[in-house]
Protein chains: 2
Amino acid sequence: MINVLLADDHTMFVDGIDSILKAEADITVVGKVYTGPEVIDFVKQNEVNLILLDVNLPGMNGIEVCKALKEFNNTTKILAISMFNEESFVTEILNNGAEGYILKNTGREELLKALRTVVGGKSYFSDDVTQTIMKGLMKQRRASKQREGFFPKISRREKEVLRLIIQEHTTQEIANKLFISLKTVESHRSSLLNKMNARNTAGLVRIALENNLLD
Amino acid sequence: MINVLLADDHTMFVDGIDSILKAEADITVVGKVYTGPEVIDFVKQNEVNLILLDVNLPGMNGIEVCKALKEFNNTTKILAISMFNEESFVTEILNNGAEGYILKNTGREELLKALRTVVGGKSYFSDDVTQTIMKGLMKQRRASKQREGFFPKISRREKEVLRLIIQEHTTQEIANKLFISLKTVESHRSSLLNKMNARNTAGLVRIALENNLLD
DNA sequence: AATATAATAGGGGAATACCCTTAAAGTACA
DNA sequence: TGTACTTTAAGGGTATTCCCCTATTATATT
């Protein structure tokens, strides 16, 4: 038997889901809650296998609830639901422990499938959500591509020096490691500052990490 | 009519796909190639709508091919295929311009669906691949969670200083901006180095960025 | 009210990074 | 076989960071 908790501030929506799940023999809706703190309280006092959790709960939102919940509970699965197919929502709640993410326009069949998949220990995502995430993955490329153009390309040796700088080595240490003179390393540092348009080491490190310059 | 190029070093596999696609009225296999450079050459001389591209081509691998191709061609779609459901493969080739990713154990029906979806301008991914990527997304959480524990928490003021350091400001500039003395900022810097276990500014920046310490 | 932590600030010194200029030798490319 | 870029290196100086130490005042926390 799957014990489900519904957490959403839209009563009508909650009731709709409730009536859908009632028809299923292996699923019981053990509770309905309408705010974040209620979710936490309920889970502490009842056995819940899965929470259908609205991402945009008022007050304490779904993401915070998720985070708080995972602090003390690892068995209850979380299937996030939302009106919005927003990349930031999806990634954030997934980073905070949700096992699945579906949209509110999801039909009865898919809802049930998602629910059972997540309870079964796997993850589930609406096709639309998947598209969004993957697009995000692909966007990175275009963005970093554009930025590439901003830098004159960094030479092989410069890249080595840069890597060692980021690993917290001093100029002297880098010189020793690469068997070259202190002055040479200084010279590389200086061209790095120029090419990357940085004022100091902090900038070097930030720009390098932000733009994945170490590949 | 969809013009497809097959790029894979396993002849038998290529022929298998070829025969599957032959049965489709709207699809023509316009070429079969077995190495990376051949792909580039072929696309330069023929009209190709979609490439079924093996990620693990010998010599110049699929990822490099993808990158090279997107340099001069934006119309040809790329559907990556691979034996391996490896997160690094998937993310890398997606970051380099592929529109879809399927596994070699994909059946005929799914292959055709993937192919038409990608040609239609949308992205397509095998369910398994989606699972892998999403798992990767979720793993980040666990990793960054663990690391959080390593730091004593950084105070409000220290965080401000840290942020300005990352923005390439010198100690003197930070002091001016925050209306405090140079020595106070030095003092904050020094506790940051301690708390974050960094040797110098480079480490400060790297650790802060890697662990999202600025939220 | 007592105790801990944070924020403030100073002196003084050593280590490191940054700047400017110059220049030779190696390497790749057309 | 030039031309451009990279890698190497130096002198000499300034700026900045880092490291000791100490110490007062605020702000939580219990």
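A, B, ... follow the sequence lines: proteins, then strands. Residue 1 opens every chain. Values below: all heavy atoms of this structure, side chains included; hydrogens, waters and symmetry mates excluded. Quick caveat: nothing in here was measured; it's all calculated off a predicted structure.
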Quiz prompt | Closest contact, heavy atoms only, Thr76(B) versus Val48(B) | solution = OG1-O, 2.9 Å
Quiz item: side chain to side chain donor-acceptor pair (under 3.5 Å) with Arg157(B): which residues, sequence neighbours excluded?
Solution: Glu160(B)
Quiz prompt | Which atom of Val30(A) lies closest to which atom of Phe42(A), heavy atoms considered | solution = O-CZ, 3.2 Å
Quiz item: Could you give the CD1-to-P distance, from Ile154(A) to dT7(D), as a whole number of Å?
Solution: 11 Å
Practice problem: Round to the nearest Å and state the distance from Ile180(B) atom CD1 to dG10(C) atom P. | Solution: 11 Å
Quiz prompt | Which atom of Leu79(B) lies closest to which atom of Ala114(B), heavy atoms considered | solution = CD2-CB, 3.9 Å
Quiz item: When the distance from CD of Glu168(B) to P of dT17(D) is rounded to whole Å, what number comes out?
Solution: 12 Å
Self-check item: Lys177(B): partners by side chain to side chain donor-acceptor pair (under 3.5 Å), with sequence neighbours left out
Solution: none
Quiz item: How does protein reach along nucleotides 16-30 of chain C, written 5' to 3' as B (base within reach of a heavy atom under 4.0 Å), S (only sugar-phosphate), or - (no contact)?
Solution: -SBB-----------
Exercise. Identify, with sequence neighbours excluded, every residue that meets side chain to side chain donor-acceptor pair (under 3.5 Å) alongside Lys32(A).
Key: Asp15(A), Asp18(A)
Exercise. Round to the nearest Å and state the distance from Arg157(B) atom CZ to dT25(D) atom P.
Key: 19 Å
Exercise. Indicate, with a heavy-atom threshold strictly under 4.0 Å, whether Thr184(A) touches base, sugar-phosphate, or nothing.
Key: base
Self-check item: Residues forming a side chain to side chain donor-acceptor pair (under 3.5 Å) with Thr35(B), sequence neighbours excluded
Solution: Glu38(B)
Quiz item: Which whole-number value in Å describes the distance from Leu182(A) CG to dA15(C) C1'?
Solution: 12 Å
Practice problem: Using whole Å, report how far CG of Leu192(B) lies from C1' of dA7(C). | Solution: 13 Å
Quiz item: Got a sec: does the NZ of Lys122(A) have more than 12 other heavy atoms crowding it under 6.0 Å?
Solution: no
Exercise. Grab the CG-C1' distance between Leu178(B) and dA7(C) for me, whole Å please.
Key: 12 Å
Self-check item: Candidate nucleotides dT8(C), dT7(D), dG10(C), ranked by approach to the side chain of Ser181(B) - the nearest
Solution: dG10(C)
Exercise. Could you give the distance separating dA23(D) and dA6(C) at their C1' atoms, to the nearest angstrom?
Key: 14 Å
Quiz item: If we fit an axis to the first five pairs and another to the last five of the helix from dA9(C)-dT22(D) to dA30(C)-dT1(D), what angle do they make, to the nearest 10°?
Solution: 70°
Self-check item: CA sep, side-chain torsions, deciding dist, call: His188(B), Ile174(B), side-chain contact (heavy atoms from CB on, under 4.5 Å)
Solution: CA-CA 11 Å; His188(B) 289 311; Ile174(B) 296 170; over 6 Å; no
Exercise. Would you kindly give the CD-to-P distance between Glu160(A) and dT6(D), to the nearest whole Å?
Key: 14 Å
